[in-house]
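A short write-up of the structure that comes next.
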Amino acid sequence: MIERRLLRRALSAFTLIELLVVVGIIALLMAMLLPALAGARRAAASVACMSNTRQIAQAAMLYAFDHNDIWVGWHPDTDRKQLLHRYLGNGKSNADVAHNQVWHCPSNELPDEAAGYGFNTNLNWRRLTSFSNPSRTVALCDAGINDSRQPTLATHAFPPTAESFPGIGRPNPRHGSEADRRVSVAFADGHAESLPMTPPFYPGPPGEWTGDPDYETQLWGP
């Protein structure tokens, strides 16, 4: 009786080879699934980022409606986060880098050192009526980086015509694959798109592009 029980257990147990085969199959499945999961996370972060930029652009429009048609700008006594706080409910100043707010890009790996988004400096304190094509005029985009690829908390995104200087902020391609790096961009009419660092948006990424005053700024208006 005991021998029969032992025989049944031996027949029902995994052999070492079978166990290794199962482990190998699991490892293969994980190797196949992990890149897909990573891609899904990147896609979700990009969608969340575009939602953030859209909300901020719409807050800037509300600010303009309340301030004689003037688009939000910057001066030394205050910053855009302060000016838009009443419309967004978070981001009291550039020093406020809490991760649970609309100013935080989910793909920003240095949120305590780099701004999530930067505003098109060509639009500072301009009237909405001076924007010739709001739906094709950059309002803000992923930023927080300068021409030396160093992080900055300044909420600026300078146009391609701006030549390099120490405090410059450029569009920051945080999204997409390594072969297709992209920027979340909100336009002056309140909609958002994902764009590559190529014309007509931008001629190249920070560090490779250091400005050309003669470049034709197609999307940086007004």
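These numbers come from a predicted model, not from an experiment.
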Parallel, tilted or perpendicular: ring planes of H104 versus H99, cut at 30 and 60 degrees: parallel
Side-chain heavy-atom pair P206, M197 within 4.5 angstrom cut-off: yes
Side-chain donor-acceptor contact under 3.5 Å, N124 with R80: yes
Atom of A98, atom of D96 and distance for their closest heavy-atom approach: N-OD1, 3.3 Å
Working for ring-ring contact (aromatic ring centres under 6.0 Å, His included), residues F201 and W220: CA-CA 8 Å; F201 172 62; W220 292 76; 5.7 Å; yes
Heavy-atom side-chain proximity of V183 to H175 below 4.5 angstrom: no
Y202 versus R170, side-chain donor and acceptor atoms under 3.5 Å: yes
Atom of A154, atom of N94 and distance for their closest heavy-atom approach: CA-ND2, 4.4 Å
Heavy-atom check, side chain of L84 versus side chain of F119, under 4.5 Å: yes
Single-linkage hydrophobic cluster Y215~V185, side-chain heavy atoms < 4.5 angstrom: yes
L83 side chain near T78 side chain, heavy-atom distance below 4.5 Å: yes
Within-4.5 Å side-chain heavy-atom neighbours: R127 and I70: yes
Sequence neighbours excluded, every pair satisfying salt bridge (Lys or Arg N to Asp or Glu O under 4.0 Å) that has a member inside residues 97-118: none
Under 3.5 Å: donor-acceptor pair, side chain of R181, backbone of P205: no
Distance, nearest 0.5 Å, that separates SG of C141 from CD of E193: 12.5 Å
Considering all heavy atoms, the nearest T53-A192 contact: OG1-CB, 3.7 Å
Audit row: N108, R174, side chain to side chain contact (heavy atoms under 4.5 Å, CB included) steps and yes/no: CA-CA 7 Å; N108 186 357; R174 294 190 176 110; 3.6 Å; yes
Nearest-0.5 Å distance, OG1 of residue T137 to CG of residue D189: 8.5 Å
Donor-acceptor contact present, side-chain Q218 to main-chain P200, <3.5 Å: no
Nearest heavy atoms of L153 and P111, plus distance in Å: CD2-O, 4.3 Å
For the student: nearest non-hydrogen atoms of D142 and C105, plus distance: OD1-SG, 3.5 Å
Intermediate values then yes/no, side chain to side chain contact (heavy atoms under 4.5 Å, CB included), M50 and S194: CA-CA 7 Å; M50 279 200 289; S194 176; 4.1 Å; yes
Cluster check L62, F131: I/L/V/M/F/W/Y, side chain < 4.5 angstrom: yes
Non-hydrogen side-chain atoms of R182 and D180 separated by less than 4.5 Å: yes
Test item: side-chain donor near acceptor, D147 and S164, under 3.5 Å: yes
H75 and W125 aromatic ring geometry - parallel, tilted or perpendicular at 30°/60° bounds: parallel
Side chain to side chain contact (heavy atoms under 4.5 Å, CB included) between M61 and W71, worked out: CA-CA 7 Å; M61 292 173 65; W71 190 261; 3.8 Å; yes
Distance-minimising heavy-atom pair for W209 and G204: CB-O, 3.7 Å
Lys/Arg cation over aromatic F187: R136, 6.0 Å, 45° cone: yes
Any L88 side-chain heavy atom under 4.5 Å of W103 side chain: yes
D79 CG to K92 NZ distance, which is reported to the nearest 0.5 Å: 13.5 Å
Identified side-chain contact (heavy atoms from CB on, under 4.5 Å) partner of Y117 from the options V102, N52, T155: N52
pair N120-L140: side-chain heavy atoms closer than 4.5 Å: no
Test log, rule side chain to side chain contact (heavy atoms under 4.5 Å, CB included), inputs E208 and R149: CA-CA 10 Å; E208 296 179 18; R149 299 181 186 272; 3.9 Å; yes
